[in-house]
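In what follows, a structure is listed as structure tokens, so that the remarks can point back to it.
If you read the sequence from its start, that first residue is 1, and numbering goes on from there. The structure displayed is predicted, hence computed values, not measured ones.
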Amino acid sequence: MNYSNSTQVAIDLQHDDEFLRWKQAIELRLEGKSIGSFLIMPVQRIPRYYLLLKDLFKHTWEDHPDYANLKQAAEKMGEVIEFLDQKKRESENLN
């Protein structure tokens, strides 16, 4: 997974003075947020969308025109999450 690779690169670079100076300068401009907080954002976004779709579907009447589409979207997003989780497990087993 790219997240695992990215965090490993960031860890490896902790011994590089030039990287540490750059990181410090960037984090000052980011108002206290770390690079790690940005690396995790895409990973957190998909489950957040899934939860939003599930909640929206749960509160949608069965006769609403979007009911079937919301159900399908939530199911597909669940499948995407399962796929990503499986790929993450496979990636972790290779390392």
Side-chain angles (χ1 to χ4, degrees):
M1 303 269 330
N2 287 335
Y3 174 72
S4 299
N5 295 341
S6 300
T7 53
Q8 186 59 52
V9 167
I11 290 168
D12 293 344
L13 287 171
Q14 294 302 313
H15 305 290
D16 183 319
D17 290 336
E18 184 178 345
F19 172 76
L20 292 174
R21 283 191 299 275
W22 174 83
K23 179 182 168 201
Q24 185 177 23
I26 292 296
E27 288 179 350
L28 284 173
R29 291 178 30 204
L30 297 176
E31 300 172 359
K33 293 181 182 172
S34 70
I35 291 175
S37 66
F38 285 95
L39 292 175
I40 194 70
M41 282 181 176
V43 175
Q44 294 172 332
R45 190 165 288 144
I46 293 173
R48 196 175 307 145
Y49 289 153
Y50 176 62
L51 293 174
L52 175 65
L53 279 170
K54 276 183 35 177
D55 193 50
L56 185 58
F57 173 70
K58 183 173 109 177
H59 291 92
T60 301
W61 300 298
E62 287 186 32
D63 59 345
H64 191 280
D66 293 329
Y67 184 84
N69 289 333
L70 287 171
K71 180 178 180 180
Q72 182 181 16
E75 289 170 353
K76 292 291 182 186
M77 188 64 80
E79 291 172 14
V80 168
I81 289 173
E82 288 177 25
F83 173 79
L84 293 174
D85 286 344
Q86 177 63 32
K87 292 300 176 186
K88 182 179 180 202
R89 282 190 295 274
E90 289 173 11
S91 171
E92 289 170 350
N93 288 337
L94 291 175
N95 296 331

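A side-chain hydrogen bond (donor to acceptor under 3.5 Å, both in side chains) check over residues 74-84, counting only residues at least two apart or in different chains, returns nothing. Within the structure, every pair that satisfies the side-chain hydrogen bond (donor to acceptor under 3.5 Å, both in side chains) test and touches residues 9-23, not counting sequence neighbours, is listed here: Q8-D12.
Judged as a ring-ring contact (aromatic ring centres under 6.0 Å, His included), and not counting sequence neighbours, Y49 has no contacts. Applying the side chain to side chain contact (heavy atoms under 4.5 Å, CB included) criterion to I46, with sequence neighbours excluded, gives M77, V80, I81, L84. For the side-chain hydrogen bond (donor to acceptor under 3.5 Å, both in side chains) test, no residue two or more places apart in sequence or in another chain qualifies with D66.
L20 and L28 are not part of a single hydrophobic cluster, where members link through side-chain heavy atoms under 4.5 Å apart.
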For residues 51-62, please give each side-chain donor-acceptor pair under 3.5 Å, one per line with the distance, not counting sequence neighbours.
| unit_1 | atom_1 | unit_2 | atom_2 | d |
| --- | --- | --- | --- | --- |
| D55 | OD1 | H59 | ND1 | 3.3 |
| H59 | ND1 | D55 | O | 2.8 |
| T60 | OG1 | L56 | O | 2.5 |

